[in-house]
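What follows is a set of notes on a single structure, which appears directly below.
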Amino acid sequence: SIGHIDYAIRRRFSFVSLKSDKNVISSYGNYDNGVKEKAESLFDEIKDLISTNINADLDADDLMIGHSYFLCKTAGDLKMRLECEIIPLIEEYERDGIIMLDKSSMKMKFEEWKALCL
C-alpha cells in the first residue's frame, strides 16, 4: 500500500503547508498586456469550482491549484498550462471522488476556462 511509503516519508521529513495565494498572481510583474486579468479570473473560477463541489470530508484550501500555475507571461502559455496541467488535475480530482461534479458540467466549465485564456 502507498500508505507505508507515506508514513516512512512523514517520519523522515517535516511538512509545511503552502496555501495558494491570489496576491502572488496579482503582484507578478512579467505578464503581457491583459494576461494578469485572465490569470486572476481563471484562478477565481477554479477556486469557486473546487470550493462549491468538493467532497464534504475535505478542505478546499488543501486542494486548490497552486498559484504558480497562473504565473504565465502570455495568454498562450496560460492556456497551455490550463489544458496540459490544470484540467488533467481537476479530472483526476473528479475520478477520485474529491470533486463531486457530473462530467458534462465539468466539460462545460473547461470550455469556459479555455475561453478566458483567449
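What you see below is based on every heavy atom in this structure, not just the backbone, and it leaves out hydrogens, waters and symmetry mates. What you see is a predicted model; the values in this text were computed from it and never measured.
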Approximate separation, where rounding is to 0.5 Å, of Leu101 CG and Asn53 CG
4.5 Å

If you round to the nearest 0.5 Å, how far is CD of Glu45 from CD of Glu112?
6.5 Å

When rounded to the nearest 0.5 Å, the distance separating CG of Leu82 from CD1 of Ile46 is 6.0 Å

Mind checking what makes side chain to side chain donor-acceptor pair (under 3.5 Å) contact with Ser104, not counting sequence neighbours?
Asp102

Do Asn55 and Ile99 come within less than 4.5 Å of each other through their side chains, counting heavy atoms only?
no

Taking ring-ring contact (aromatic ring centres under 6.0 Å, His included) as the cut-off, I'd like each qualifying pair that reaches into residues 45-67, sequence neighbours left out, listed once.
none

Separation of Ile98 CD1 from Asp57 CG (nearest 0.5 Å)
11.5 Å

Could you walk me through whether Leu116 and Leu78 satisfy the side chain to side chain contact (heavy atoms under 4.5 Å, CB included) test, starting with their C-alpha distance in whole Å, then the side-chain angles of each, then the deciding distance to 0.1 Å, before giving a yes or no?
CA-CA 10 Å; Leu116 278 174; Leu78 184 62; over 6 Å; no

Heavy-atom pair of closest approach, residues Lys38 and Ala75:
NZ-CB, 4.0 Å

Going by chain and number, the hydrophobic cluster around Val16 (ILVMFWY, side chain to side chain under 4.5 Å) further includes Leu18

Pairs in or reaching into residues 69-82: which pass salt bridge (charged side-chain N to carboxylate O under 4.0 Å, His left out), with residues at least two apart or in two chains?
Asp32-Lys73, Lys79-Glu83, Arg81-Glu85

Pairwise distance CD1(Ile65) to CG(Leu49) - rounded to 0.5 angstrom:
9.5 Å

Determine which pairs satisfy salt bridge (charged side-chain N to carboxylate O under 4.0 Å, His left out) with at least one residue from residues 14-27, sequence neighbours left out, and list them in order.
Lys19-Asp62, Lys22-Asp44

Could you tell me which residues satisfy side-chain contact (heavy atoms from CB on, under 4.5 Å) with Ser51, sequence neighbours excluded, listed by chain and number?
Lys47, Ala60

Return the set of residues passing side chain to side chain donor-acceptor pair (under 3.5 Å) with Glu40 (not counting sequence neighbours), or none when no residue passes.
Ser26

Could you work out, with side-chain contact (heavy atoms from CB on, under 4.5 Å) as the rule, every residue matching Thr52, not counting sequence neighbours?
Asp48

Greater than 12 external heavy atoms within 6.0 Å of Phe13's CZ:
no

Residue set satisfying ring pair (Phe, Tyr, Trp, His ring centres under 6.0 Å) with Tyr69, at least two apart, ordered chain then number -> none

Selection residues 24-56 - residue pairs positive for ring-ring contact (aromatic ring centres under 6.0 Å, His included), sequence neighbours left out:
Tyr28-Tyr31, Phe43-Phe70

Locate the shortest heavy-atom distance separating Thr74 from Val35; write the atom from each residue and the value.
C-CG2, 3.8 Å

Keeping the roles fixed (side chain from Asp59, backbone from Asp61), state whether a donor-acceptor pair exists under 3.5 Å.
yes

So, do Lys114 and Ile87 sit near enough that their side-chain heavy atoms are less than 4.5 Å apart?
yes

Hey, is Lys103 close enough to Glu91 for a salt bridge, meaning N to O under 4.0 Å?
no

Identify the two heavy atoms, one from Leu71 and one from Ile25, that lie closest to each other, and give their separation to 0.1 Å.
CD2-CA, 3.8 Å

Within one Ile-Leu-Val-Met-Phe-Trp-Tyr cluster: Met80 and Leu89, side-chain cutoff 4.5 Å
no

For residues 2-10, run the donor-acceptor check on the side chains, cut-off 3.5 Å, and write out each pair with its distance to 0.1 Å, sequence neighbours left out.
from	atom 1	to	atom 2	distance (Å)
Asp6	OD1	Arg10	NE	3.2
Asp6	OD2	Arg10	NE	3.1

Hydrophobic clusters here meaning ILVMFWY residues chained together by side-chain heavy-atom distances under 4.5 Å, can you tell me if Met108 and Met100 are in one?
no

Enumerate the residue pairs fulfilling ring-ring contact (aromatic ring centres under 6.0 Å, His included) with a member in residues 76-118, sequence neighbours excluded, ordered by first and then second residue.
Phe110-Trp113

